[in-house]
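Please read the structure below before turning to the comments.
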Amino acid sequence: QVQLVESGGGLVQAGGSLRLSCAASGRTFSSYTVGWFRQAPRKEREFVEAITWSGGTTYYADSVKGRFTISRDNAKNTVYLQMNSLKPEDTAVYYCAAGFSLVGVTTPRAYDYWGQGTQVTVSS
């Protein structure tokens, strides 16, 4: 069992930066692929970035390429999402998720555990 808690969200002006954290409980967290997803009002949950258990491979959505960076510190049971050059269209609730699968990591069904989410609002 893994429990995930996101933090770091908030209100920021366009062009600004935020760093989200996903803190996990559970001794096997370092074995999981971890992904970040986001969901804006009246829209489906969409993939943002993911990182394999070793940190050796990362995946990202085209919409955040060059602006967002995912990383993990397994010693701290934490995964980070550094978000730079934020745009109003990045406004959403951001969720982290963990799962063992290395297949389909850009889809929600690949993940077994989800956090409660943290709100990110980017003003224009």
Side-chain angles (χ1 to χ4, degrees):
Q1 189 78 9
V2 174
Q3 292 184 328
L4 306 173
V5 178
E6 302 95 335
S7 62
L11 174 64
V12 65
Q13 289 187 331
S17 298
L18 285 173
R19 188 177 79 158
L20 305 184
S21 298
C22 173
S25 63
R27 293 177 294 175
T28 60
F29 177 71
S30 60
S31 301
Y32 288 86
T33 294
V34 176
W36 284 97
F37 290 77
R38 65 186 182 186
Q39 188 165 18
R42 299 174 297 281
K43 292 188 177 181
E44 291 188 354
R45 192 166 297 191
E46 67 170 352
F47 171 74
V48 178
E49 294 210 20
I51 188 166
T52 56
W53 68 272
S54 67
T57 303
T58 59
Y59 308 81
Y60 54 86
D62 287 342
S63 59
V64 304
K65 180 180 179 181
R67 300 189 299 124
F68 292 9
T69 303
I70 192 171
S71 62
R72 69 189 297 163
D73 185 339
N74 286 337
K76 295 182 177 179
N77 275 7
T78 303
V79 171
Y80 304 98
L81 184 67
Q82 178 67 45
M83 306 187 297
N84 299 327
S85 302
L86 283 161
K87 304 175 181 180
E89 52 263 43
D90 294 319
T91 295
V93 177
Y94 283 70
Y95 300 89
C96 68
F100 278 122
S101 178
L102 293 177
V103 177
V105 297
T106 63
T107 61
R109 65 175 181 268
Y111 298 89
D112 303 301
Y113 305 102
W114 290 83
Q116 293 300 307
T118 185
Q119 176 71 47
V120 171
T121 303
V122 185
S123 63
S124 58

Item to check | Rounded distance [0.5 Å steps], CG in Asp112 versus CD in Gln1 | outcome: 10.0 Å

Checklist entry - Crowded around Gln116 CD? As in, over 12 foreign heavy atoms under 6.0 Å? => result no

Checklist entry - Which residues satisfy the side-chain hydrogen bond (donor to acceptor under 3.5 Å, both in side chains) test with Arg19, sequence neighbours excluded? => result none

Item to check | Qualifying salt bridge (charged side-chain N to carboxylate O under 4.0 Å, His left out) pairs with a residue from residues 113-124, counting only residues at least two apart or across chains | outcome: none

Checklist outcome for this item: Residues pairing under disulfide (SG to SG under 2.5 Å) where one sits in residues 73-122, two or more places apart or in two chains, turn out to be Cys22-Cys96

Checklist entry - If you round to the nearest 0.5 Å, how far is CG of Leu81 from CH2 of Trp36? => result 6.0 Å

Next on the checklist: Is there a path of hydrophobic side-chain contacts, each under 4.5 Å between heavy atoms of I/L/V/M/F/W/Y residues, joining Leu102 to Val48?
Outcome noted: no

Checklist entry - Would a 4.5 Å heavy-atom cut-off, applied to side chains only, mark Pro108 and Trp114 as touching? => result yes

Checklist entry - Among the clusters formed by ILVMFWY side chains lying less than 4.5 Å apart, do Phe68 and Val105 turn up in the same one? => result no

Checklist entry - In the hydrophobic clustering (ILVMFWY, side-chain contacts below 4.5 Å, transitive), which residues join Tyr80, or is it alone? => result none

Next on the checklist: Tyr95: which residues meet the ring-ring contact (aromatic ring centres under 6.0 Å, His included) condition with it, sequence neighbours left out?
Outcome noted: none

Checklist entry - Can you find a heavy atom in the side chain of Val120 that is under 4.5 Å from one in the side chain of Met83? => result yes

Checklist entry - From Leu20 CG over to Thr78 OG1, what is the distance, rounded to the nearest 0.5 angstrom? => result 12.5 Å

Checklist entry - Counting N and O atoms only, with roles assigned by atom type, does the side chain of Thr33 sit under 3.5 Å from a partner on the main chain of Thr52, one being a donor and the other an acceptor? => result no

Checklist entry - Does Ile70 belong to the same Ile/Leu/Val/Met/Phe/Trp/Tyr cluster as Tyr111, with side-chain heavy atoms less than 4.5 Å apart forming each link? => result no

Item to check | With Gln39 via side-chain hydrogen bond (donor to acceptor under 3.5 Å, both in side chains) - residues at least two apart | outcome: Arg45

Item to check | Heavy-atom donor-acceptor pair, Gln82 side chain to Thr69 backbone, under 3.5 Å | outcome: no

Checklist entry - Is there a chain of hydrophobic side chains (I, L, V, M, F, W, Y, each step under 4.5 Å between heavy atoms) that links Val93 to Val79? => result no

Checklist entry - How would you list all residue pairs meeting disulfide (SG to SG under 2.5 Å) that involve residues 44-93, not counting sequence neighbours? => result none

Item to check | Pairs meeting criterion salt bridge (charged side-chain N to carboxylate O under 4.0 Å, His left out) with involvement of residues 87-110, two or more places apart | outcome: Arg38-Asp90, Arg67-Asp90

Item to check | Smallest separation among heavy atoms of Ser124 and Ala14, with atom names | outcome: CA-CB, 4.4 Å

In a table with atom names and distances, give each donor-acceptor pair under 3.5 Å that connects a side chain of residues 53-65 to protein atoms at least two apart or in another chain.
{"from": "Ser54", "atom 1": "OG", "to": "Gly56", "atom 2": "N", "distance (Å)": "3.1"}

Checklist entry - Parallel, tilted or perpendicular: which describes the rings of Tyr32 and Tyr113, with under 30° parallel and over 60° perpendicular? => result perpendicular

Checklist entry - Looking at residues at least two apart in the chain, or sitting in another chain, which of them share a ring-ring contact (aromatic ring centres under 6.0 Å, His included) with Phe47? => result Phe37

Item to check | Ser101 versus Ala110, closest heavy-atom pair with distance | outcome: CB-O, 3.8 Å

Item to check | CZ-CG distance between Arg72 and Asn77, expressed to the nearest 0.5 angstrom | outcome: 9.0 Å

Item to check | For Ser17, all residues meeting side-chain hydrogen bond (donor to acceptor under 3.5 Å, both in side chains), sequence neighbours excluded | outcome: Asn84

Next on the checklist: Taking side-chain hydrogen bond (donor to acceptor under 3.5 Å, both in side chains) as the definition, give me every residue that meets it alongside Thr107, ordered by chain and number, with sequence neighbours left out.
Outcome noted: none

